[in-house]
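Written below as structure tokens is the structure these notes are about.
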Protein chains: 2
Amino acid sequence: MSDDQRAKEFTPRQHDVLECALSLLVAGGERVLTTARVARTANCSKESLYRWFGDREGLLAAMIAHQASKVRTFSDNGAPMDRVQFRAQLVGFAHDLLQVLGGDVSLALNRLAIGQASREESRLGQLLVEQGRRRIDEGAAALLEAGRRCQHIEFTDVDETYRTLYGLVVRDLHVRMLLGEDEIRKPKNFGEMAERAVDQFFALYGVQEKKRMGPRVRAV
Amino acid sequence: MSDDQRAKEFTPRQHDVLECALSLLVAGGERVLTTARVARTANCSKESLYRWFGDREGLLAAMIAHQASKVRTFSDNGAPMDRVQFRAQLVGFAHDLLQVLGGDVSLALNRLAIGQASREESRLGQLLVEQGRRRIDEGAAALLEAGRRCQHIEFTDVDETYRTLYGLVVRDLHVRMLLGEDEIRKPKNFGEMAERAVDQFFALYGVQEKKRMGPRVRAV
DNA sequence: CTCGAATAGTACCGTACGGTACGGTTCTGT
DNA sequence: ACAGAACCGTACCGTACGGTACTATTCGAG
């Protein structure tokens with residue numbers, strides 16, 4: 001076998017097919033995502049689909065993995081940040097998070113995985129969380145740790161803190177977008193939302209200038 | 001027609017059938033929820049199903065409406081509350097919210113509506129939000145207004161404030177439960193979560209004892 | 001008791017899907 | 001140039017679902 005055929009990667013041809021399947025899923029939902037339609041739209045044969053991905057589940061998993069390979073994350077370069085820079089980073093993260101969660105492909109894949117979650121043997125949901133969310137979470141954790149190192153915020157459990165930030169940013173937007181409320185998907189308001197959420201986050205975890213007489217929050 | 005046959009209500013027989021359909025949905029997900037299986041499990045005929053509910057969509061909508069009719073809400077009796085009582089009410093609300101969202105029937109119905117949300121003509125998602133969430137939201141709004149009247153918290157926009165409370169309580173739990181993460185559905189931790197969320201909520205919106213020097217949060 | 005409406009149970013129909021098989025074509029390594 | 005693999009397009013199969021039609025049975029009103 002040739003050297004560029006690694007087991008976990010996809011050939012350019014398969015890459016195109018997966019991209020086409022994603023477009024199909026976004027356009028019409030799971031009902032439209034049949035093996036025959038994917039094959040016809042992508043100008044490939046069903047036999048190739050089954051040889052490449054095993055079965056329909058494998059195709060869906062490959063679509064998730066393929067999409068997850070696109071998102072990139074924040075990396076801590078170790079450089080010090082002043083408070084304005086750190087706040088801007090947080091706002092940027094919040095804005096990106098809202099934009100990613102509200103994206104067409106993300107919503108379609110989440111709907112797909114949630115629809116399959118009732119069957120016990122389906123691991124699509126777990127796959128989506130691990131491959132998609134994990135990267136975002138790690139980037140956010142690195143950002144929070146950097147903020148703590150520069151003494152802009154203080155916390156003990158980075159995971160707890162990140163989850164609070166996530167809740168302040170996303171609230172119930174994700175579920176409502178998943179349910180089909182298109183009115184709230186306008187990214188016009190994402191800016192204000194991100195600003196407000198970061199304000200609230202600093203109110204909870206920000207270090208005061210003189211002493212930390214701010215509200216301390218603890219897990220009971 | 002007799003007096004107890006109102007147009008929007010269901011007969012006891014239909015009530016039982018809907019209950020049976022809900023059990024079926026919870027047990028096996030949408031794949032199992034076929035008209036034939038519902039009819040067989042409920043000991044009724046498919047013809048009756050179609051006469052009562054029109055088509056499959058109507059049956060699903062009736063299931064949502066039937067389930068929504070069960071949830072009851074907080075009602076403001078106008079009596080004054082001290083701070084401890086108000087905090088207990090908030091914690092109770094948060095705990096109930098987590099328990100409702102994590103319930104089997106709620107998760108199954110949300111998965112169902114989200115799965116159908118890709119089709120444009122399906123209004124199940126909107127129906128679920130209006131009939132299910134609306135009641136909870138109104139109860140929470142009444143509770144928050146009561147807390148403001150008793151000067152335990154302060155805010156300007158009750159909807160904004162409620163959404164923040166929701167985000168602090170739920171975070172990403174709902175979506176992850178929808179995706180099938182059963183580990184986080186243990187209500188054992190719901191108590192701690194509710195306490196922590198209410199602590200954070202008071203840190204953001206609580207009125208200080210002497211003067212309100214607490215963090216003011218506003219929409220930019 | 002009789003009649004008619006409502007219902008249970010079943011059979012049926014058209015359609016669509018997942019998965020497999022096969023002939024014809026293109027690509028690739030030697 | 002040639003052989004073999006990969007691949008496209010299509011046909012095919014078994015199954016299952018949504019919805020309808022029909023018969024037998026139940027049940028309530030007069």
Side-chain angles (χ1 to χ4, degrees), chain A residues 1-7 9-21 24-25 27-63 111-113 115-116 118-119 121-124, chain B residues 1-7 9-21 24-25 27-63 111-113 115-116 118-119 121-124:
Chain A
M1 57 197 72
S2 58
D3 50 345
D4 56 354
Q5 273 186 342
R6 287 172 297 269
E9 284 291 342
F10 301 125
T11 68
R13 175 68 177 137
Q14 294 165 7
H15 175 100
D16 295 343
V17 171
L18 291 176
E19 204 62 39
C20 191
L24 210 55
L25 176 66
E30 189 186 0
R31 290 294 315 265
V32 189
L33 198 71
T34 70
T35 56
R37 224 175 296 241
V38 170
R40 186 158 44 83
T41 309
N43 286 328
C44 74
S45 68
K46 288 174 65 174
E47 196 169 2
S48 299
L49 287 183
Y50 282 92
R51 171 161 44 238
W52 293 334
F53 308 112
D55 56 356
R56 188 172 184 269
E57 280 267 327
L59 173 63
L60 303 182
M63 290 168 63
R111 290 195 183 116
L112 183 67
Q116 303 273 340
S118 49
R119 296 310 296 164
E121 66 270 17
S122 179
R123 296 298 226 193
L124 284 189
Chain B
M1 58 197 71
S2 58
D3 50 346
D4 57 353
Q5 272 188 345
R6 288 172 296 268
E9 283 291 342
F10 301 125
T11 68
R13 175 69 176 134
Q14 294 164 7
H15 175 100
D16 294 343
V17 171
L18 290 176
E19 203 63 41
C20 191
L24 211 55
L25 176 66
E30 190 187 356
R31 290 295 315 267
V32 188
L33 197 70
T34 70
T35 55
R37 224 176 296 242
V38 170
R40 187 159 44 83
T41 310
N43 286 328
C44 73
S45 68
K46 287 173 67 174
E47 196 168 0
S48 300
L49 287 183
Y50 281 92
R51 171 160 43 237
W52 292 335
F53 308 111
D55 57 355
R56 187 171 184 269
E57 280 267 326
L59 173 64
L60 303 182
M63 291 169 63
R111 288 194 184 116
L112 184 67
Q116 304 272 343
S118 49
R119 294 312 296 164
E121 66 271 19
S122 179
R123 297 297 228 192
L124 285 188

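Numbers restart at 1 for each chain; the letters A, B, ... are given by sequence-line order, proteins then strands.
- Rounding to whole angstrom units, CZ of residue R40(B) and C1' of dG9(C) are separated by 12 Å.
- Atom CG in L49(A) sits about 15 Å away from atom P in dT10(D), given to the nearest Å.
- Between the CG atom of L25(B) and the CG atom of L60(B) there is a distance of 8.5 Å, given to the nearest 0.5 Å.
- Going from atom CD of E19(B) over to atom CE of M63(B) covers 9.5 Å, rounded to the nearest 0.5 Å.
- Taken from CG in L24(A) to OG1 in T41(A), the straight-line distance is 4.5 Å, to the nearest 0.5 Å.
- Among residues at least two apart or in separate chains, there is no salt bridge (charged side-chain N to carboxylate O under 4.0 Å, His left out) pair with a member in residues 31-50 of chain B.
- By the side chain to side chain donor-acceptor pair (under 3.5 Å) test, S45(A) pairs with S48(A), sequence neighbours left out.
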ask   = Yes or no on side-chain contact (heavy atoms from CB on, under 4.5 Å) for V38(A) and C20(A), after CA distance, side-chain angles and deciding distance?
value = CA-CA 7 Å; V38(A) 170; C20(A) 191; over 6 Å; no
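- A distance of 9.0 Å separates CG of L18(B) from CH2 of W52(B), quoted to the nearest 0.5 Å.
- A salt bridge (charged side-chain N to carboxylate O under 4.0 Å, His left out) check over residues 49-61 of chain B, counting only residues at least two apart or in different chains, returns the pairs E30(B)-R56(B).
- Over its length, the helix from dC1(C)-dG30(D) to dT30(C)-dA1(D) turns its helix axis by 20°, as judged from the five terminal pairs at each end, rounded to 10°.
- Remark: S48(B) is not in phosphate contact with dT7(C), judged by side-chain N or O atoms under 4.0 Å from OP1 or OP2.
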request  = Could you encode protein contacts along nucleotides 11-26 of chain C as a string, one character per nucleotide from 5' to 3', using B for base contact, S for sugar-phosphate-only contact and - for no contact, with a heavy-atom cut-off of under 4.0 Å?
outcome  = ------SBBB-B----
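- At least one side-chain nitrogen or oxygen of W52(B) sits closer than 4.0 Å to the OP1 or OP2 atom of dT7(C).
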